[in-house]
6 protein chains.
Amino acid sequence: MTLSARNRLSGEVQNVEIDGLTAEITVEVADGQTVVAVITRRSAESLDLSEGDTVDAVIKATAVMIDGE
Amino acid sequence: MTLSARNRLSGEVQNVEIDGLTAEITVEVADGQTVVAVITRRSAESLDLSEGDTVDAVIKATAVMIDGE
Amino acid sequence: MTLSARNRLSGEVQNVEIDGLTAEITVEVADGQTVVAVITRRSAESLDLSEGDTVDAVIKATAVMIDGE
Amino acid sequence: MTLSARNRLSGEVQNVEIDGLTAEITVEVADGQTVVAVITRRSAESLDLSEGDTVDAVIKATAVMIDGE
Amino acid sequence: MTLSARNRLSGEVQNVEIDGLTAEITVEVADGQTVVAVITRRSAESLDLSEGDTVDAVIKATAVMIDGE
Amino acid sequence: MTLSARNRLSGEVQNVEIDGLTAEITVEVADGQTVVAVITRRSAESLDLSEGDTVDAVIKATAVMIDGE
């Protein structure tokens, strides 16, 4: 993969919800930890996503915050 | 949980690198999958982050992309 | 809250609008200055936001631009 | 200003810190509430920002989170 | 224009699609290359965007990734 | 490339500047219009970017603003 985004979490699509121009994709990345992506409906349709698909959740490092709790 | 960001991946700090105004924090979230966060030096210092700390990587859903591969 | 995001503006919810998968929350932060957040419907519902609630608008420093006018 | 970003908080520059490629600008928006922006050094130089300048902190609504506390 | 965002691509609006709280604006920037913006319905309405309008697509440098292919 | 990000502008690397943890990449996308990306030093190094390389500038639609001028 040649994309500069540093974060690539592989997992399985658990849910695809499309409404209006927006799609919400839930991906189980590991041990029950899930990642939710909000993408455009057109992206979800062109990627033809459905439950059970293996995908990567891709995230730019500048978009990640740390909660030190 | 009171923050609207949908993604909260718990894990252990593997590395803290600070240079100039920027800090790069690497967190092992599960099974060897890591997440890198770019935050400000001041945030890293005020959170007093160091290797081995348990933290959450927090990500807004609109910042997550899907690679359908 | 020990989150790395540098910006936390406290204020009162003026309006909550939910449509499809998206919610638009308007918060009066001070002296009539308002901040609008676009979050997911699920976040708005799980935070159970309504007019008059005291909340913080939280923003990562890398998401803020400056208009020097 | 005809920019689609919904959030425009006016205030006074309190601090400009430049190091390497990055600049951190602190703006007092109201009643002691401050906003920190991380922009590029070149932007800070081309805007010729200095303490006391009146500026707007501009933020896209999708970048704002809500902490319901 | 005095905004710190480093990227400003001028072009012509090809399409404006509004649904619920969201608007998707397609801009042809050059040689058939298009840029799609997701903004809020209210922004699209207040900018009164329609096909054929000349606009700028404005993007913060920290939001741009590089695919080295 | 099967990434959900809607914007992919192809062009040629004009400049690569690395300082500390950050890298600033300038890409000429068309007709003299350039796009600047701020990525991490490690991404720039792992992509082994240099002037003259053909790359894509990749941008999520939610990160694009419209200036109606």
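Keep in mind that this is a model prediction, so the values were computed, not measured. Chain identifiers are assigned alphabetically (A, B, ...) following the order of the sequence lines, protein sequences preceding nucleic acid strands; residue numbering begins at 1 within each chain.
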*Neighbourhood of chain A inside residues 53-64 of chain C, taking heavy atoms under 4.5 Å as contact*: C:Lys60, C:Thr62
*Under 4.5 Å, heavy atom to heavy atom, which residues of residues 13-25 of chain A contact chain C?*
A:Glu17, A:Ile18, A:Asp19, A:Thr22, A:Ala23, A:Glu24
*Which of residues 36-45 of chain A have a heavy atom under 4.5 Å from any heavy atom of chain C?*
A:Val38
